[in-house]
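Notes follow the structure.
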Amino acid sequence: MNPTAQNNVKITNSVLQFRQDFAIISNWVGFGSKVLDLGCGDGELLQFLRLGLEVKGYGVEKDDANWLACMDNGSNVIQMDLEDGLSGFEDQSFDTVILSQTLQAMHNTEDIVQEMLRVGREVIVTFPNFGYWRNRLQIANGRMPVSKALPYQWYDTPNVHLCTINDFDQFCKNHKIRILERCVITNSKTVHFMANLLGNLAMYRLKAA
Amino acid sequence: MQETNSVGIVAAQTAHFAQPLTLKSGAVLPQFDLVYETYGSLNADKSNAVLICHALSGTHHVAGKYSADDKYPGWWDNLIGPNKPLDTNKFFVIGVNNLGGCHGSTGSASTNPATGQPWGAQFPVVTVEDWVASQAMLADYLGIKQLAAVVGGSLGGMQAMQWTLAYPERVCHALVIASAPNLTAQNMAFNEVARQAIITDPEFHGGDYYAHGVVPRRGLRIARMLGHITYLSDDAMGAKFGRKLKDGIHYSFDAEFEMESYLRYQGDKFAGEFDANTYLRMTRALDYYDPALSFNNDLSLAFKQVKAAFLVVSFTSDWRFSPARSREIVKALLDNERTVSYAEVTAAHGHDAFLMPDAHYHEILRTYLNKVQV
């Protein structure tokens, strides 16, 4: 008998669908490595990495329903609030710590990035680029941007710290964070030109300097 | 009326162990009985057994009823049965009364074979380690080499943890609920007050009250009243009783507030059915359990030998076994890269929440146990 709860994996439809951001993340994560996914939601990314790369994965999730979905997906999941930091995790104890499309909803943004760099040898951060031209267009038209990547109205959004690619580049510079790789995608295609204007989703691979 | 998801009418069984058991203290029990119950069927390769470890005042009677007109079912009946979170269609569930208990397993009230008299004060102080060793003997007796899971809340959670330390090959999953890797000074202090209430009762007779035909009811009653306060949260007591009076203020020391009559009722009920020597030993086992002690107080080091996967659950309003203590267990497992999940259930009931049929809590256990392969 195998003493893990990770068997009997139910392969969800969304995992079978192609997710360009997942594909890029899996290029940045080593085979069989140890991964911590912060704000792991229903555990989709962890499942993708486990099936594809046999990673030893742990998710961190605050929400009860997501916790159950993550467990049902066969992932290890630790219930805690990221705003409280990562005190339950030792320094440099993970190969990669991932914060996928959650940065913009964090209150203690600087703290969580520093905590990730403390716990992970490498860090992956992805966020919706507020500088994307469609967002700029909506602002120019006098409205707050609402899109697939930012699916909230101004009054009910959990996103409190939206930023652009240029903002985040500056953030890394100010905090002496090394950017190992940056990848920007729009509609599942990599953007090579004028990323801050044409890119919808920003993805960074980081390391403490 | 027969509930469709009840294990139904159950009966306790007794396993007799004729070989001596050397306890952690060095004392030797020449022979002993363990009383137990089982629900569901053991499968052909004996891989679906789940052991339930009880807490301070628990018993082997975990689920079902002894007769159709039994008023109350077993103490964790809301969790265990066909299609319940711990599904007896899938699992073979074992409930056992711990050594030193007062519900049929050998304890202070049992006859000491050397004297022909009740053991009384002479019954040794038993530990979590001793209980787990005797439970492993029960597993052998039932022909079970490896348990699919060991499940326990509070002191029961400590036993589940100890299983993974003492018998890493013999347990696949540990469900450690509302527990802690040891007790804090404050937590032990409550135990000390409870024990002092019992020991200073004139009818305690140094633990040999059986010979005098009396029981230290007053001490046991106060011990239980104190315990009940610590098992509930301030909010839960507020919601349940608040400052409600039974029938006004009479300027007396009778039970005028509803809270008082609740505590007195619980104390009286308990004093009428529980053994004082057992209460002393159960609380002492809680105090002594500290698996990190022989590892330089490093729980992560102590957990190096763990092979089992863990589910750790705590409750936000539990101040006697707080979430922070459960997170220590989780951290020790993470430090060793073990398979672990942790849920912190938002609940108002305090420590007692682990026995309540909260929908989300039960869904956590159901989802986890669904994944356990047998």
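The structure displayed is predicted, hence computed values, not measured ones. So you know, we letter chains A, B, ... as the sequences are listed, proteins then strands, and number each from 1. These numbers come from the heavy atoms of this one structure, side chains and all, not from hydrogens, waters or symmetry mates.
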Portion of A/Lys62 that has a non-hydrogen atom of chain B nearer than 4.5 angstrom: neither
- prompt: Is a side-chain donor-acceptor pair under 3.5 Å present for B/Tyr231 with B/Asp318?
  reply: no
- request: Please answer whether the main-chain N or O of B/His360 pairs with a side-chain N or O of B/Asp358 as donor and acceptor at a distance below 3.5 Å.
  value: yes
- prompt: Is it the case that A/Gln170 and A/Asn166 place a side-chain donor and acceptor less than 3.5 Å from each other?
  reply: no
Atom group of B/Arg338 that falls short of 4.5 Å from chain A, counting heavy atoms: backbone
task: Answer with side chain, backbone, both or neither: which region of B/Glu337 has an atom nearer than 4.5 Å to a non-hydrogen atom of chain A?
output: both
message: I need the residue from A/Ser87, A/Ser93, A/Gly88 with the largest number of non-hydrogen atom pairs under 4.5 Å to chain B.
response: A/Gly88
task: Check whether any side-chain N or O of A/Gln92 sits under 3.5 Å from a backbone N or O of A/Leu117 as a donor-acceptor pair, and report yes or no.
output: yes
field: chain A contact via B/Val340 - which portion, at a heavy-atom distance below 4.5 Å
entry: both
query: Would the A/Phe127 and A/His161 ring centres measure less than 6.0 Å apart?
result: no
